[in-house]
Amino acid sequence: MDTKCCTQDGTVDLRGRPVQASRTGKWKACAFLVGYEAFERMAFYGVASNLVNYLTTQLHEETVASGMILLTMAVSFKFMKPTCTNGVCNKASPLQIAFFYSALYIVAIGAGGTKPNISTFGADQFDDYNPHEKKLKVSFFNWWMFSSFLGALFATLCLVYIQENLGWGLGYGIPAVGLLLSLFIFYLGTPIYRHKARKTKSPARELFQVLIAAFNNRKLQLPNSPSELQEFDLQYYIQTGKRQVHHTPVLRCLDKAAIKDGSNNADTSNPSSSSSCTVTQVEGVKLVFGMMLIWLVTLIPSTIWAQINTLFVKQGTTLDRNLGPNFQIPAASLGSFVTFSMLLSVPMYDRFFVPFMRKKTGNPRGITLLQRLGIGFAIQVIAIAIAYAVEVRRMHVIRMHHVAGPKEIVPMSIFWLLPQYVLLGIADVFNAIGLLEFFYDQSPEDMQSLGTTFFTSGIGVGNFLNSFLVTMVDKITGTGGGKSWIGNNLNDSHLDYYYGFLLVISALNLGVFLWASSRYIYKKETLQALNEDCIRIDGKTMDTSPLGLQV
């Protein structure tokens, strides 16, 4: 094996120089990124897991309204937090609330800048043209999320306890230190990272060009065969290192952007010889529209996921949390069982389920990406059905024991909530990891960060949708002197009705997803190695013929 052989996908180092395949990338580079992710997620969940309790018990925000350095200051400095006497805190001043929410939004902005890019950067450490590395890449997103779950586990088990028993300043200060440590780990791996050189100056501009061209050509007749549409020959894609995307029979109106401009002598190896868009460019736009459709049907599942850190936590505070005579389980720590089930399920999925299904289906992933999502969404529907049944049981116990006050504890163990947490963790192995991989895999070339933005924005919009639903349900059901489904006193509310509502919309959304996925056509590309002199891997000759890839 030639150890000086460069990567075949054209990746470069930080200075733009070709990188050696044997010394860069793969899991040796991803180890630093995985370490970064673990500490960064620990910091994030250290804030998010118990945020609803801090807002309601320390700042005295209402339940409906409560959906790192500055954040640590907000809970540490006396003038930035409300005064407390014997564990009972006064309502925060407008300045204190403004500072706290400003810190939260700054954290959100920082996470918004890193999350769409860091997982994409990790996946880019594997060479698609190298069969061995491509096989390793199939497992990347599973183990990437595994590291994320490890960070979440520490947060929900340890940090939540520290926040409630040793102080919020220390409980938020540890995540701040963890975030600084994650940056240090990330920079350590700089010498062995691979960077993908952008092959298109402005990918977004090409998308708009297709839309404009399709509109301008809207009155023209499409040719009978897609082969008559404008497309460069294979040699062009070999020379430029770009990937050719094959035509699909959906959104045919966009194909009009690739109608040839009438110059039959146009050079198919020279992009400047024709004003028409190419089939590859048109297919890029189709991919974005397809991802948008799938993104829309993931918003309800993201809303269900938001219950873990909101209503599930408040629900847990009303139950018996004693574990022995001297220890009380923090309600937010029950979220650790979501993480436990994830940590157990990821290795089982990657090491047993995928190889077993691979033999049955011949698919390198075992099952298709959308099948993986569908299984996750179905498990999530079962989880919310169980949550509804448990809440019905809780309301029955409340009536039996005449529990009414907001601080009264319902004589029912908090472990009744355990099944819904565990099932949501198992569901996340299918839908969260599957979504991240789907949006990365199906993105147009040079736009993988856009794909992972779909993933992270779906989670964010799902949380906003959850806040919207909670607010609207609270206002509608609480009008006219009626009993609110989600009042500040959950012992005198109808949370079971709200969970029933979530169950109905989740089941309907699953049906819509099945419809959308049945009409989705996966991306098909032709790959050709950039570096044709690098044709030996582990002493064996590599097939340099174009590889048609279809998931």
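None of these values were measured; they are calculated from a predicted model.
Taking a 6.0 Å sphere around CZ of Phe140, one finds it holds more than 12 heavy atoms contributed by other residues, nucleotides or ligands. Shown here is Phe126, whose CZ atom has more than 12 heavy atoms of other residues, nucleotides or ligands within 6.0 Å. Annotation for Phe327: atom CZ counts as buried by contact number, over 12 foreign heavy atoms lying within 6.0 Å. Applying the 6.0 Å contact sphere to NZ of Lys28 captures more than 12 heavy atoms from other residues, nucleotides or ligands.
Counting only distance, with no hydrogens or angles, the side chain of Arg372 and the backbone of Val429 share a donor-acceptor pair below 3.5 Å. The closest donor-acceptor contact from the side chain of Lys26 to the backbone of Thr24 lies under 3.5 Å. Without hydrogens or angle criteria, Lys360 side chain to Ile367 main chain gives no donor-acceptor distance under 3.5 Å.
Taken to the nearest 0.5 Å, the CD1 atom of Ile384 stands 9.0 Å off from the CD1 atom of Ile505. Note that OG1 of Thr368 and CG of Leu373 are 8.5 Å apart. Values are rounded to the nearest 0.5 Å. Distance CZ/Arg394 to CH2/Trp416: 13.0 Å, rounded to 0.5 Å. The distance from atom CG of Asn142 to atom CD1 of Ile433, rounded to the nearest 0.5 Å, is 5.0 Å. We find the CG-OG1 distance between Leu334 and Thr317 to be 12.0 Å, quoted to the nearest 0.5 Å. Between atom CG of residue Leu323 and atom OG of residue Ser413 there is a gap of 9.0 Å, rounded to the nearest 0.5 Å.
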*asked:* ring-ring contact (aromatic ring centres under 6.0 Å, His included) for Phe121 and Tyr193? Distances and angles first, verdict last.
replied: CA-CA 9 Å; Phe121 186 56; Tyr193 291 149; 5.1 Å; yes
*What's the verdict on side chain to side chain contact (heavy atoms under 4.5 Å, CB included) for Leu183 and Tyr36, showing C-alpha distance, side-chain angles and the deciding distance?*
CA-CA 7 Å; Leu183 291 175; Tyr36 166 86; 4.2 Å; yes
*Given side chain to side chain contact (heavy atoms under 4.5 Å, CB included), test His246 with Glu283 step by step and report yes or no.*
CA-CA 7 Å; His246 295 263; Glu283 290 302 315; over 6 Å; no
*So Trp515 and Val297, side chain to side chain contact (heavy atoms under 4.5 Å, CB included) or not? Walk me through it.*
CA-CA 10 Å; Trp515 171 83; Val297 295; over 6 Å; no
*Take Gln328 and Asn322 through the side chain to side chain contact (heavy atoms under 4.5 Å, CB included) test and state the conclusion after the steps.*
CA-CA 4 Å; Gln328 190 176 69; Asn322 291 319; 3.7 Å; yes
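Counting all heavy atoms, side chain and backbone alike, Gly425 lies closest to Met342 at O-CG, 3.3 Å. Across every non-hydrogen atom of Asn130 and His132, the tightest pair is OD1-N, 2.9 Å. A pairwise comparison of heavy atoms in Gly462 and Ser302 identifies CA-CB, 3.7 Å as the closest pair. Looking at every heavy atom in both residues, Glu391 comes nearest to Leu495 through OE2-CB, 3.4 Å. Heavy-atom minimum distance, Val138 versus Pro364: CG1-O, 3.9 Å. For the residue pair Gln380 and Ala427, the shortest heavy atom distance occurs at N-CB, 4.0 Å.
For an aromatic pair to be called close, the ring centres must be under 6.0 Å apart, and Phe438 with Phe454 fails this. In summary, the aromatic rings of Tyr440 and Phe455 are positioned with their centroids too far apart to meet the 6.0 Å limit. The ring of Phe141 has its center no closer than 6.0 angstrom to the ring center of Phe439.
Using a 4.5 Å cut-off on side-chain heavy atoms (C-beta onward), Trp144 and Leu436 make contact. By the 4.5 Å heavy-atom criterion applied to side chains, Phe39 and Phe184 are not counted as neighbours. Residues Thr298 and Leu435 form a side-chain contact, since some pair of their non-hydrogen atoms from C-beta on lies under 4.5 Å apart. For the pair Pro301 and Asn509, the minimum side-chain heavy-atom distance is below 4.5 Å. Within the 4.5 Å cutoff, the side chain of Glu437 has heavy atoms near those of the Leu369 side chain. Here the side chains of Leu33 and Glu37 are not in contact, with every heavy-atom distance at 4.5 Å or above. Looking only at side-chain heavy atoms (C-beta outward), Arg194 and Asp124 stay at 4.5 Å or farther from each other. Here the side chains of Ile304 and Leu424 are in contact, with some heavy-atom distance below 4.5 Å.
Shown are Arg365, Lys523, Lys137; of these, the side-chain hydrogen bond (donor to acceptor under 3.5 Å, both in side chains) with Asp441 is made only by Arg365. Each of Ser148, Pro347, Cys30 was evaluated against Trp143; a single residue qualifies, Pro347, per the side chain to side chain contact (heavy atoms under 4.5 Å, CB included) test.
Counting only N and O atoms by type, the side chains of Gln315 and Tyr499 include a donor and acceptor under 3.5 Å apart. Between Trp305 and Asp428, the side chains place no donor N or O within less than 3.5 Å of an acceptor N or O (distance only, hydrogens not considered).
Using the six-membered ring where Trp is involved, Tyr520 and Tyr522 have ring planes that are perpendicular, over 60° apart on the 30 and 60° scheme.
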